[in-house]
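So the structure is just underneath, and the comments pick up after that.
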Amino acid sequence: MTTINFDDDNFFSHFGEIVGDAMGERLENSPYFIGMMSGTSLDGMDAVLCQFYDTGEIEVLDSVSVAFPDDLRMALFALTMPNGANEFIHANNLAFESELDLYGWASVFYAEFASGVVKTLLNQAQFSPSDINAIGCHGQTVRHRPHWHFSLQLLDPNVLAERTGITVVSDFRRRDMAVGGQGAPLVPAFHQAIFSREFTREPIGAVLNLGGIANLTILSEPVLGFDTGVANLLIDAWCERHTGERFDKNGTWASTGEVIEPLLAQFLTHPFFSQSIPKSTGREAFNMAWLDHELEMFSREFTQVALSSADVQATLTEMVAVSIANHLQAFDVVKTLVVCGGGALNGHLISRLKANLADWHVKNSENFGVLPTLVESMAFAWLARQTIIGETGNLPAVTGANKAVVLGTVCFA
């Protein structure tokens, strides 16, 4: 029998070499990773199958986007709101006894759903689980509290790994938070990797992701990144409340309304907009309860102004564009902005962004060979690969961490 001396100073370095060699062999055998993402808009899950090349380039081989089942979507929405879970349980007369019961059930349900999405992607791409190195699955953020040093992403990676037979990398935010960071945003490191001049052959000053929340990556030295505030989250929610549609396709409804300037000015007094970087936010700060309160305050002060639902939609859209422009104008970089995320497909929002950034060239990421709706999913395939090869995935200048670290936890298949 071989005796292992854990007190030997060489043990851990030798162990690291063994693990590193195993990871390297695994990576060499399979350059394929799956990235999965569901954002604050809660519309569904995107998944991409990516091939990574030694040159640093990434190719998306296939992708799928699947809407959440209504019961999972409603449960996730309830969990994202303070006290929302208990209200949801009581309103629907569910058997759960507490918020933790709902959280645990939804973690498994989310993982089962994600497993189905992976199988759909593999069947569509004609790949088998053994072809895939790892899945990078962010999970659903249900609470992000950087000032209390925690962020919760709902997912049971054990279920996902077991159902798919593929290693899963998840829980990307908390390691960054353990070293003093906010755990967000995480995509700037990926933006730096794929939008560098080496691959675009054109200088880019910034990358804007328009998801439920908007975040900017400033391609300076060092690279900076931060959330600018709300993006699709309130636009979608207001649209669903008043039209029954889950999003304002192409911003058509917003374009029929008029921006209410004093209401816009009131919206922009939200303290997050003037907060210094690094900063990140979520549904905790921008939600329908906040919007309803703001509208009630406005109506009390401006009794003569009639608030039509279309005018509110136009004003919300303008708030997104103005808040982004205000943040971006503070940086002296190349004035080319690449836009990605679901909001890149909102023609009215993009037109308002261009109007507020008249001296900038605003371009869709598709101009650089990357579909805007796939960028975040690609980011988590990239982050999973970083974890598997033992490379850091955070940028301290972005998150506020005191050092760069390897992100994520691994659940081996």
Side-chain angles (χ1 to χ4, degrees), residues 39-42 77 80-84 141-153 173 176-177 180-188 206-218 224-238 259-298 312-313 315-331 337 339 341-343 346 349 352-353 356-357 376 395 397-401:
T40 50
S41 294
L42 294 174
F77 179 78
T80 63
M81 299 300 298
N83 302 315
T141 299
V142 294
R143 201 61 47 87
H144 183 65
R145 298 292 200 187
H147 56 292
W148 287 331
H149 312 293
F150 80 87
S151 187
L152 296 179
Q153 280 67 53
R173 298 193 188 280
D176 178 82
M177 302 185 96
Q182 296 200 10
L186 293 179
V187 292
V207 182
L208 170 66
N209 180 67
L210 289 171
I213 298 296
N215 54 68
L216 271 172
T217 298
I218 308 298
L224 301 174
F226 52 92
D227 290 347
T228 63
V230 70
N232 301 325
L233 196 159
L234 291 178
I235 292 172
D236 291 350
W238 186 256
V259 174
I260 305 166
E261 293 295 338
L263 179 60
L264 173 63
Q266 180 182 316
F267 284 164
L268 291 171
T269 63
H270 192 297
F272 182 80
F273 293 129
S274 58
Q275 186 178 323
S276 59
I277 62 172
K279 61 178 181 176
S280 57
T281 190
R283 200 179 281 271
E284 299 83 5
F286 294 97
N287 52 55
M288 290 299 284
W290 172 80
L291 177 58
D292 289 339
H293 176 69
E294 291 295 313
L295 295 177
E296 183 181 343
M297 287 177 55
F298 180 84
V312 173
Q313 184 77 345
T315 307
L316 286 171
T317 303
E318 191 71 8
M319 173 184 66
V320 175
V322 170
S323 61
I324 291 166
N326 288 346
H327 282 90
L328 196 53
Q329 298 286 26
F331 296 95
L337 175 69
V339 184
N346 183 326
L349 173 57
R352 295 312 306 151
L353 190 61
N356 283 281
L357 290 169
E376 279 199 296
L395 294 176
V398 170
T399 66

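Reckoned from all heavy atoms, side chains included, excluding hydrogens, waters and symmetry mates. Everything numeric in this text was worked out from a predicted model, so none of it was measured.
Annotation: Phe150 is not in aromatic contact with His144 [ring centroid separation under 6.0 Å not met]. Ring to ring, Phe267 and Phe272 are not that close: their centroids are 6.0 angstrom or more apart.
A side-chain donor-acceptor contact under 3.5 Å links Asn232 to the backbone of Leu210. Of the possible polar contacts, none joining the Glu376 side chain to the Val187 backbone as a donor-acceptor pair under 3.5 Å is found. With hydrogens and angles disregarded, a donor-acceptor distance shorter than 3.5 Å links the side chain of Asp227 to the backbone of Thr281. With hydrogens and angles ignored, the 3.5 Å screen pairs a side-chain donor or acceptor of Gln182 with a backbone N or O of Ser280. Side-chain atoms of Asn356 never come within 3.5 Å of backbone atoms of Val322 as a donor-acceptor pair (strictly under, hydrogens ignored).
Thr141 and Gln153 share a side-chain donor-acceptor pair at under 3.5 Å. With 3.5 Å as the limit, one finds a donor-acceptor pair spanning the side chains of Thr399 and Asp176.
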>> Please evaluate residues Val207 and Ile218 with respect to the criterion side-chain contact (heavy atoms from CB on, under 4.5 Å), reporting the C-alpha separation (whole Å), side-chain torsions for both, the decisive distance (0.1 Å), and the verdict.
In response: CA-CA 7 Å; Val207 182; Ile218 308 298; over 6 Å; no
> Where do Leu295 and Trp238 land on the side-chain contact (heavy atoms from CB on, under 4.5 Å) test, with the steps shown first?
Replying inline: CA-CA 12 Å; Leu295 295 177; Trp238 186 256; 3.6 Å; yes
> Where do Trp148 and Arg143 land on the side-chain contact (heavy atoms from CB on, under 4.5 Å) test, with the steps shown first?
Replying inline: CA-CA 11 Å; Trp148 287 331; Arg143 201 61 47 87; over 6 Å; no
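Counting heavy atoms from C-beta on, the side chains of Ile260 and Phe298 come closer than 4.5 Å. Counting heavy atoms from C-beta on, the side chains of Leu268 and Ser323 come closer than 4.5 Å.
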